[in-house]
Number of protein chains: 2
Amino acid sequence: MASTPTSGSQSRHSLGLLAHLARVAQREGESLPDERGLRPRHYVVLTLLRDHGTATQRGLAEALRMDPTNVVGALNDLESRECVVRRRDPEDRRRHIVEVTDTGVEALAEWERALAEVEDRVLGALSEDEREQFHALLIRAAGGQLPPGACAEADQAPPAC
Amino acid sequence: MASTPTSGSQSRHSLGLLAHLARVAQREGESLPDERGLRPRHYVVLTLLRDHGTATQRGLAEALRMDPTNVVGALNDLESRECVVRRRDPEDRRRHIVEVTDTGVEALAEWERALAEVEDRVLGALSEDEREQFHALLIRAAGGQLPPGACAEADQAPPAC
DNA sequence: ATAATCGTTTGTGCTATACCAATGATCTAT
DNA sequence: ATAGATCATTGGTATAGCACAAACGATTAT
C-alpha cells in the first residue's frame, strides 16, 4: 500500500466522513413530514437567526454559504408563514434586518424535536459522552466558519463569540 | 422554550451543524481541479473500497446510501480510468466483487492531499488535538452506519470491526 | 449628478440523484 | 426441470437544489 505507517496525522481525512455522515442524515431525515411545507434550508436559516439574533440578508448569505438570491427565496417562504419578519435598517434603509418570530422559534423547536429521532439513528454508535463532545467540536468548528459576528448554536455562549 | 434548562442535552442538535459544515466543505472544495475528471462521489466509493477492502455493488449502495443504478455509473467511470476492477464472485456468479487498484489508491491519495488544504480551512478553528478527537468520533459514528461488514476508515482497526 | 450597494424578481442551466422499466445471467426452491 | 427471485446493467425520466446572470427600484456615498 502507500506506506503511511505511523498513526496520527497521516489519515486525518475527516471531510469524506463528514460528507458521508451528512448524507446519511439527510437521507434518513428526508422522510420527515413538515406540515408547514418548509425544507431543511429554511431551518438552517431559522437556526442562525435564533442563535445569532438578527442579521442582514447579505450576512445570512455569507454565513450560510448560500447564494443571496436563494436566501431571498427562503426568506419569502419563511415570511409568508410568519416565521420571520423583515424590517428596514434605520441606519441604511437599503438593508433589511431579519428577525425570527415566536412562530418561527416554535416551528424550529418542532423541527428539532423531530430531528432528534433521526439524530439518534445517525449518531447511534456514539455514547452520550461522545455525542456531547461531538456537538461541542461541531460548534467550535462551525463557529470558525461564521465570518461576521454571527455565531450559530450559541446556546451557552461559546467563548469564541 | 422547551424548558430542559440544565446544560447538556437540551440543545444537542448536531445534525444542523453537521449539515452546515459539510456544506461549507463542499463549497470550499468544489473548485478542486481533478485532471482525471472524477467527482467527489467517485472518491467516496474509492475511500470505502480502500478502507474496507472489497465489496459487492449492492453492499456499496447500501453503505453509501446511494441508489444501486447510480453506483453502476460511478463504477463505470472508475473502471474506465482503471481505478477499480470488477470480478465475478465465484460463490455467486451474479455478483461482482469490486476492488480498488493501485491506480485507484494513488488517485485517492492525490485527492486527499488536495483536500487537506480545504480541511485546514474548514476545520481551522480546531486545534490539532480537537481534530484528532473529531476524526475519531466521525469514524465511530460513521462506522455505525455501515450495515454489512463494511468498515470505512478502518485505519487503526477500530474495535467494532 | 454619478456611481455603487442592497434587496428583489425572473429566468436559465447544471449537477446530483432518485425512480421506473427491461434485459441477461445466475441462483434457489419446488 | 421449471419457476421465481436476485444481481448487475442499461436507458430514460423527473425532480430538487443551486449557482449564476440580468435587470429593476430604493437608497447611500462621492
Side-chain angles (χ1 to χ4, degrees), chain A residues 16 19-20 22-34 37-45 49 54-80 84-99 148, chain B residues 16 19-20 22-34 37-45 49 54-80 84-99 148:
Chain A
H20 177 241
R23 172 197 195 75
V24 169
Q26 190 201 337
R27 294 217 51 171
E28 204 81 31
E30 69 193 1
S31 56
L32 283 186
D34 185 84
L38 294 178
R39 312 275 323 147
R41 70 195 118 103
H42 299 114
Y43 288 106
V44 309
V45 172
L49 287 175
T54 62
T56 68
Q57 304 190 192
R58 195 175 169 71
L60 279 177
E62 280 184 37
L64 300 173
R65 301 294 199 285
M66 289 177 65
D67 189 278
T69 61
N70 294 327
V71 172
V72 173
L75 287 178
N76 288 349
D77 299 338
L78 286 169
E79 195 171 38
S80 76
V84 301
V85 285
R86 287 190 250 220
R87 295 188 343 252
R88 294 228 87 103
D89 183 348
E91 294 183 5
D92 183 343
R93 296 181 41 74
R94 288 170 302 183
R95 289 197 174 99
H96 274 157
I97 294 195
V98 188
E99 202 168 354
Chain B
H20 177 240
R23 168 195 200 76
V24 170
Q26 190 202 338
R27 293 215 53 172
E28 205 81 32
E30 70 192 358
S31 56
L32 282 186
D34 186 86
L38 294 178
R39 311 275 323 147
R41 72 195 119 101
H42 298 115
Y43 289 106
V44 309
V45 173
L49 287 175
T54 62
T56 67
Q57 304 190 192
R58 197 176 168 71
L60 278 177
E62 279 183 37
L64 299 172
R65 302 296 199 283
M66 289 175 66
D67 189 280
T69 61
N70 295 327
V71 172
V72 172
L75 287 179
N76 288 349
D77 298 338
L78 286 169
E79 196 170 35
S80 75
V84 302
V85 284
R86 289 189 248 220
R87 296 187 344 251
R88 294 228 88 102
D89 183 349
E91 293 184 4
D92 183 343
R93 297 183 39 77
R94 289 170 302 182
R95 288 196 174 99
H96 274 157
I97 294 194
V98 187
E99 200 168 355

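To find a chain, count down the sequence lines: A is the first, B the second, and so on, and within it residues start at 1.
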Closest heavy-atom pair and its distance - A19(A), A22(B)
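Taking every non-hydrogen atom into account, CA-CB, 4.5 Å.
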Side chain of R23(A): nearest nucleotide among dT8(C), dT17(C), dC18(D)?
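Out of dT8(C), dT17(C), dC18(D), the nucleotide with an atom closest to R23(A)'s side chain is dT17(C).
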For the side chain of D67(A), starting at C-beta, report the closest nucleotide among dA16(C), dA19(D), dA18(C).
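Among dA16(C), dA19(D), dA18(C), the one nearest the side chain of D67(A) is dA19(D).
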Would you give the length of the straight line joining atom [atom1] of [X] to atom [atom2] of [Y], rounded to the nearest 0.5 angstrom?
X      : Y      : atom1 : atom2 : value
R39(A) : H42(A) : CZ    : NE2   : 9.0 Å
I97(B) : D89(B) : CD1   : CG    : 4.0 Å
L75(A) : Q57(A) : CG    : CD    : 5.0 Å

Under a 4.5 Å cut-off applied to non-hydrogen side-chain atoms, are [X] and [Y] in contact?
X      : Y      : value
L64(B) : V45(B) : yes
L49(B) : V98(B) : yes
R86(B) : E99(B) : no

Checking H96(B) against R87(B): is there a side-chain donor and acceptor pair closer than 3.5 Å?
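Judged by distance alone, the side chains do not pair up.
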Once side-chain hydrogen bond (donor to acceptor under 3.5 Å, both in side chains) is applied, do any residues pair with D92(B), and if so which ones, sequence neighbours excluded?
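Residues passing side-chain hydrogen bond (donor to acceptor under 3.5 Å, both in side chains) with D92(B): R94(B), R95(B).
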Collect all protein-nucleotide pairs involving nucleotides 4-6 of chain C in which both atoms are nitrogen or oxygen and the distance is under 3.5 Å.
| residue | atom | partner | partner atom | Å |
| --- | --- | --- | --- | --- |
| dT5(C) | O4' | R94(A) | NH1 | 3.2 |
| dT5(C) | O2 | R94(A) | NH1 | 2.8 |

5'-most contact on DNA chain C: P90(B) or E79(A), nearest heavy atom basis?
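In this pair, the answer is E79(A).
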How many whole angstroms separate atom [atom1] of [X] from atom [atom2] of [N]?
X      : N       : atom1 : atom2 : value
R86(B) : dT10(D) : CZ    : C1'   : 12 Å
N76(B) : dC7(D)  : CG    : P     : 19 Å
Q26(A) : dA18(C) : CD    : C1'   : 12 Å
L60(B) : dT17(C) : CG    : P     : 14 Å
E91(A) : dT28(D) : CD    : C1'   : 13 Å
M66(B) : dT9(D)  : CE    : C1'   : 15 Å
I97(B) : dC7(D)  : CD1   : C1'   : 13 Å
L75(A) : dT9(C)  : CG    : C1'   : 14 Å

Through what angle, rounded to 10 degrees, does the axis of the helix from dA1(C)-dT30(D) to dT30(C)-dA1(D) turn between its ends, using five pairs per end?
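Axis angle across the helix from dA1(C)-dT30(D) to dT30(C)-dA1(D), nearest 10°: 30°.
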Between the protein and nucleotides 12-14 of chain D, which nitrogen or oxygen pairs are less than 3.5 angstrom apart?
none

Who passes side chain to side chain contact (heavy atoms under 4.5 Å, CB included) against D34(B), sequence neighbours left out?
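Once residues adjacent in sequence are excluded, the partners of D34(B) under the side chain to side chain contact (heavy atoms under 4.5 Å, CB included) criterion are R36(B), L38(B), Y43(B), W111(B).
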If the condition is side chain to side chain contact (heavy atoms under 4.5 Å, CB included), which residues does T69(A) pass it with, not counting sequence neighbours?
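Side chain to side chain contact (heavy atoms under 4.5 Å, CB included) check on T69(A) returns D67(A).
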Within the 4.0 Å heavy-atom criterion, would you say D89(A) contacts the bases, only the backbone, or no part of the nucleic acid?
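D89(A): no heavy atom of the nucleic acid under 4.0 Å.
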Distance check: side-chain N/O of [X] vs OP1/OP2 of [N], anything under 4.0 Å?
X      : N       : value
R41(A) : dA16(D) : no
R93(B) : dA25(C) : no
R27(B) : dA19(D) : yes

Side-chain (H20(A)) to main-chain (R65(B)) donor-acceptor, under 3.5 angstrom:
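Side chain of H20(A) to backbone of R65(B), a donor-acceptor pair under 3.5 Å: no, none is there.
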